[in-house]
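Excluded from the calculations below are hydrogen atoms, water molecules and symmetry mates; all remaining heavy atoms, backbone and side chain alike, are included. The structure displayed is predicted, hence computed values, not measured ones.
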Amino acid sequence: MDARTFLGLEPTHNPNRWVLPVTPGISTNGNFLWGGCGLGAGIEAIEGTTGRPVVWATAQYLSYANPPSIMDIDVVVAVAGRSVTQARAVGHVGDREILTVNAALGQRDIDAEGTWATMPEVPAPEECPQRLVESTDTMMARLDFRLADARTWDDLDGNPMPGGRCAMWARMPGVLEVSGAALAILGDYVPMGIGQSLGRHAGGNSLDNTLRIVRIVPAEWVLLDIQVHAIGNGFGHGL
């Protein structure tokens, strides 16, 4: 299974329009479309329309899409250069705009590379406790999480997480292909980090979400390194 199948995203006769049935399986426990699934669907739609791989994409979440609605995704190619395409996808249910995804796509043949971000030292997924979820039919039930450097819901006892940083392994059982869309689905976990940072049962709804792709490699598990930078005025900020 690839991310498009996981999401249920469907093409139409119009190469610039895609359709996403909003089902419980891509929704939150609050019964609305999971933000990461919205970004992932936008990425899949833009990649499918342009034929180029995503380099950068960001979503702005404007409203809620609830099951069993149908979200249409319209792709607009703003610039199609020799090696880079810049485009946007607008998701809407009827006349109500749900989200906008802006993206840059392409590949350049330049002899230069490097990685300076540092992965935290954590135990392997098999050595970490599983993050249990009560839901049986929402998005949460379709993912597998292991707490590498994070606390369970019952252990959030009012003690803030040192440095505002936590880590969790994640995988999508049945999804065999790593892609920009798959990583977008897994990347919407700053709200979870807010609760970890405060040591409280706290979180929130995403206003935006950004994904940057350096290189896609095969992997079963993805380490979510969640860093909360600041919380104030009712909003949390992190990556």
Side-chain angles (χ1 to χ4, degrees), residues 1-23 25-27 32-66 69-113 139 172 175-188 190 205-219 222 239:
M1 184 192 308
D2 57 13
R4 185 182 299 183
T5 304
F6 180 89
L7 292 166
L9 182 69
E10 303 169 0
T12 69
H13 70 281
N14 181 345
N16 289 67
R17 169 164 284 199
W18 300 72
V19 173
L20 181 71
V22 180
T23 64
I26 58 172
S27 299
F32 56 86
L33 178 66
W34 183 279
C37 291
L39 176 56
I43 290 172
E44 274 289 326
I46 296 173
E47 287 186 331
T49 295
T50 64
R52 283 180 162 172
V54 68
V55 177
W56 161 86
T58 188
Q60 181 183 16
Y61 302 111
L62 305 172
S63 186
Y64 299 106
N66 310 100
S69 59
I70 302 294
M71 186 170 76
D72 295 319
I73 302 176
D74 292 322
V75 176
V76 176
V77 178
V79 178
R82 183 174 59 185
S83 58
V84 177
T85 295
Q86 299 198 65
R88 62 182 174 272
V90 178
H92 54 93
V93 174
D95 295 331
R96 184 165 52 91
E97 189 169 339
I98 303 299
L99 56 86
T100 300
V101 176
N102 289 289
L105 309 96
Q107 188 170 344
R108 291 172 171 166
D109 187 15
I110 297 176
D111 185 21
E113 65 176 22
M139 179 68 187
M172 304 165 65
V175 176
L176 303 178
E177 179 182 317
V178 178
S179 64
L183 294 175
I185 294 169
L186 295 177
D188 192 18
V190 169
N205 303 324
S206 297
L207 291 176
D208 70 292
N209 205 343
T210 298
L211 177 73
R212 299 180 189 275
I213 298 292
V214 176
R215 183 173 55 253
I216 295 289
V217 297
V222 175
L239 63 83

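Residues L39 and A59 approach most closely at CD1-CB, 3.8 Å, considering heavy atoms. Nearest heavy-atom pair across A103 and I46 is CB-CD1, 3.9 Å. Heavy atoms only, all atoms of each residue included: C37 and L7 are closest at CB-CD2, 3.7 Å. Residues V101 and A57 approach most closely at CG1-CB, 4.3 Å, considering heavy atoms. The heavy-atom pair separating V19 from I70 by the smallest distance is CG1-CG2, 3.4 Å. Scanning both residues, E44 and A181, for their nearest heavy atoms gives CG-CB, 3.4 Å.
By the ring-ring contact (aromatic ring centres under 6.0 Å, His included) test, W18 pairs with no residue at all, sequence neighbours left out. Considering only residues two or more places apart in sequence or on other chains, F32 meets the ring-ring contact (aromatic ring centres under 6.0 Å, His included) condition with Y64. With sequence neighbours left out, E47 forms a salt bridge (Lys or Arg N to Asp or Glu O under 4.0 Å) with no residue at all.
The main-chain N or O of V90 is never found under 3.5 Å from a side-chain atom of T100 such that the two would form a donor-acceptor pair. Between the side chain of T12 and the main chain of R17, a donor-acceptor pair closer than 3.5 Å is present. Listed for the N16 side chain is a donor-acceptor partner under 3.5 Å among the backbone atoms of V75. At least one donor-acceptor pair closer than 3.5 Å links the side chain of S69 to the backbone N or O of N66.
Residues Y61 and N205 have side chains not in contact (no heavy-atom distance under 4.5 Å, counting atoms from C-beta outward). Between L20 and I26 there is a side-chain heavy-atom pair separated by less than 4.5 Å. With contacts defined as side-chain heavy-atom distances shorter than 4.5 Å, the pair E113/V214 does not qualify. Put simply, the side chain of I213 does not reach to within 4.5 Å of the side chain of V55, judged on heavy atoms. You'll find the side chain of I98 stays beyond 4.5 Å of the side chain of V22, heavy atoms only. Proximity of L183 to V222: side-chain heavy atoms (C-beta onward) are separated by under 4.5 Å at one or more points.
To the nearest 0.5 angstrom, R88 atom CZ is 13.0 Å from Q60 atom CD. A distance of 10.0 Å separates OG1 in T210 from CG in L239, rounded to the nearest 0.5 Å. The distance from atom CZ of R4 to atom CD of E10, rounded to the nearest 0.5 Å, is 11.0 Å. Between the CD1 atom in I185 and the OG atom in S179 there is a gap of 7.0 Å [rounded to 0.5 Å]. Atoms CE and CE, from M139 and M172 in turn, are 5.5 Å apart once rounded to the nearest 0.5 Å.
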Yes or no on side-chain contact (heavy atoms from CB on, under 4.5 Å) for L105 and V54, after CA distance, side-chain angles and deciding distance?
CA-CA 4 Å; L105 309 96; V54 68; 4.2 Å; yes
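When each of N209, N102, L211 is paired with T58, the side-chain contact (heavy atoms from CB on, under 4.5 Å) condition holds for N102 and for no other.
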